[in-house]
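Start at 1 and go down the list; that is how both ligands and their atoms are numbered. All heavy atoms count here, side chains included; hydrogens, waters and symmetry mates do not.
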Amino acid sequence: MKQILVLNGPNLNLLGRREPEIYGDNSMEACMTALKERFPEVALTYYQSNVEGELINKLHEVGFAYDGVVLNAGAYTHTSVALHDAIKAIDTPVVEVHISNVYQRETYRHTSLITGACVGVIGGFGMDSYRLAVEALLAL
Ligand code: DQA
């Protein structure tokens with residue numbers, strides 16, 4: 001059975017309550033339930049942290065064993081060389097995900113420091129971005 005980790009960064013624990021006009025009103029719990037129903041053949045796990053180093057530790061933990069990581073690094077996308085390096089350091093392919101279309105938003109969101117380390121990017125499809133990322137990992 002393929003193992004895929006959905007890894008969320010800062011402030012994404014507040015999905016469903018946080019700026020619903022941008023991120024919608026679905027919780028991540030509901031999203032994971034839907035993903036597990038959609039992909040019963042995949043062992044899907046979820047981890048979220050607001051702490052950069054904990055995201056890096058998690059990438060190290062799964063990055064030589066899992067088949068893929070769906071990573072929404074939140075604002076660390078735009079700031080973290082350390083996350084870029086962690087993605088480069090592991091074997092497991094990582095798909096960068098964004099719920100919103102970051103290119104329609106503030107210019108500081110137009111730069112991603114992690115895209116170059118990821119196999120690809122999916123963004124702008126709301127919570128469906130996570131499903132599309134799992135599809136992409138399974139198609140690799
Ligand atoms: C986000 C976009 C980021 O710019 C922002 O900091 C987030 C969420 C998204 O999913 O659209 O926290 O990654």
Side-chain angles (χ1 to χ4, degrees):
M1 196 182 228
K2 290 206 166 173
Q3 279 190 303
I4 291 178
L5 171 70
V6 178
L7 181 57
N8 269 353
N11 302 305
L12 294 165
N13 53 311
L14 295 180
L15 279 176
R17 284 193 289 168
R18 172 194 183 196
E19 298 182 275
E21 65 286 0
I22 296 174
Y23 299 112
D25 48 20
N26 278 333
S27 67
M28 199 59 209
E29 289 68 29
C31 178
M32 284 307 296
T33 301
L35 285 178
K36 285 175 184 171
E37 277 171 21
R38 177 86 180 218
F39 302 103
E41 76 283 16
V42 181
L44 279 158
T45 48
Y46 177 63
Y47 182 78
Q48 188 276 335
S49 177
N50 295 317
V51 180
E52 188 177 12
E54 289 181 357
L55 298 170
I56 291 165
N57 286 343
K58 188 50 107 172
L59 286 170
H60 292 178
E61 187 186 313
V62 306
F64 298 92
Y66 278 42
D67 300 289
V69 174
V70 173
L71 173 62
N72 187 346
Y76 289 143
T77 303
H78 317 297
T79 63
S80 180
V81 175
L83 265 180
H84 170 105
D85 289 354
I87 298 163
K88 287 288 269 192
I90 61 175
D91 291 341
T92 299
V94 177
V95 174
E96 176 183 346
V97 158
H98 301 288
I99 298 162
S100 63
N101 180 344
V102 288
Y103 298 101
Q104 292 176 340
R105 301 181 62 193
E106 302 94 331
T107 50
Y108 57 81
R109 296 184 203 277
H110 298 182
T111 301
S112 168
L113 297 191
I114 66 170
T115 304
C118 292
V119 286
V121 190
I122 293 172
F125 298 97
M127 298 299 269
D128 209 27
S129 296
Y130 290 94
R131 176 189 65 81
L132 293 166
V134 174
E135 301 267 15
L137 282 169
L138 294 177
L140 282 177

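Although no hydrogens or angles enter the test, the distance criterion places no donor-acceptor pair under 3.5 Å between the side chain of Glu96 and the main chain of Ile122.
Counting heavy atoms closer than 4.0 Å to ligand 1, residue Asn72 contributes side-chain atoms (C-beta onward) but none from N, CA, C or O. Residue contacts with ligand 1 for Arg109 involve side-chain atoms from C-beta outward but no N, CA, C or O (heavy atoms, distance under 4.0 Å).
Among all heavy-atom pairs drawn from Leu44 and Leu35, the shortest one is CD1-O, 3.6 Å.
Salt bridge status for Arg131 with Asp128: present, with a side-chain N to carboxylate O gap under 4.0 Å.
His98 and His78 have parallel rings, their planes meeting at less than 30° on a 0 to 90° scale where 60° marks the start of perpendicular.
Within the 4.0 Å heavy-atom cutoff, Tyr23 counts among the residues contacting ligand 1. Ligand 1 has no atom lying under 4.0 Å from any heavy atom of Glu19.
At under 3.5 Å, not a single nitrogen or oxygen of Val102, backbone or side chain, sits near a nitrogen or oxygen of ligand 1.
Annotation: the span from Asp67 atom CG to Thr92 atom OG1 amounts to 7.5 Å, rounded to 0.5 Å. The distance from atom CD1 of Ile22 to atom CD1 of Ile99, rounded to the nearest 0.5 Å, is 10.5 Å.
When hydrogens are left out, the protein atom nearest atom 4 (O) of ligand 1 is His78 NE2, 2.7 Å; that is the closest non-hydrogen contact. What sits closest to atom 1 (C) of ligand 1 on the protein, heavy atoms only, is His98 ND1, 3.6 Å. If you check which protein heavy atom lies closest to atom 9 (C) of ligand 1, you get Ile99 N, 3.3 Å. Remark: minimum distance from atom 11 (O) of ligand 1 to any protein heavy atom is reached at Ser100 OG, 2.6 Å.
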**Report entry** Intermediate values then yes/no, side-chain contact (heavy atoms from CB on, under 4.5 Å), Asn8 and Asn13
**Finding:** CA-CA 8 Å; Asn8 269 353; Asn13 53 311; over 6 Å; no
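Annotation for ligand 1: atoms under 4.0 Å from non-hydrogen atoms of Arg18 are 7 (C), 12 (O).
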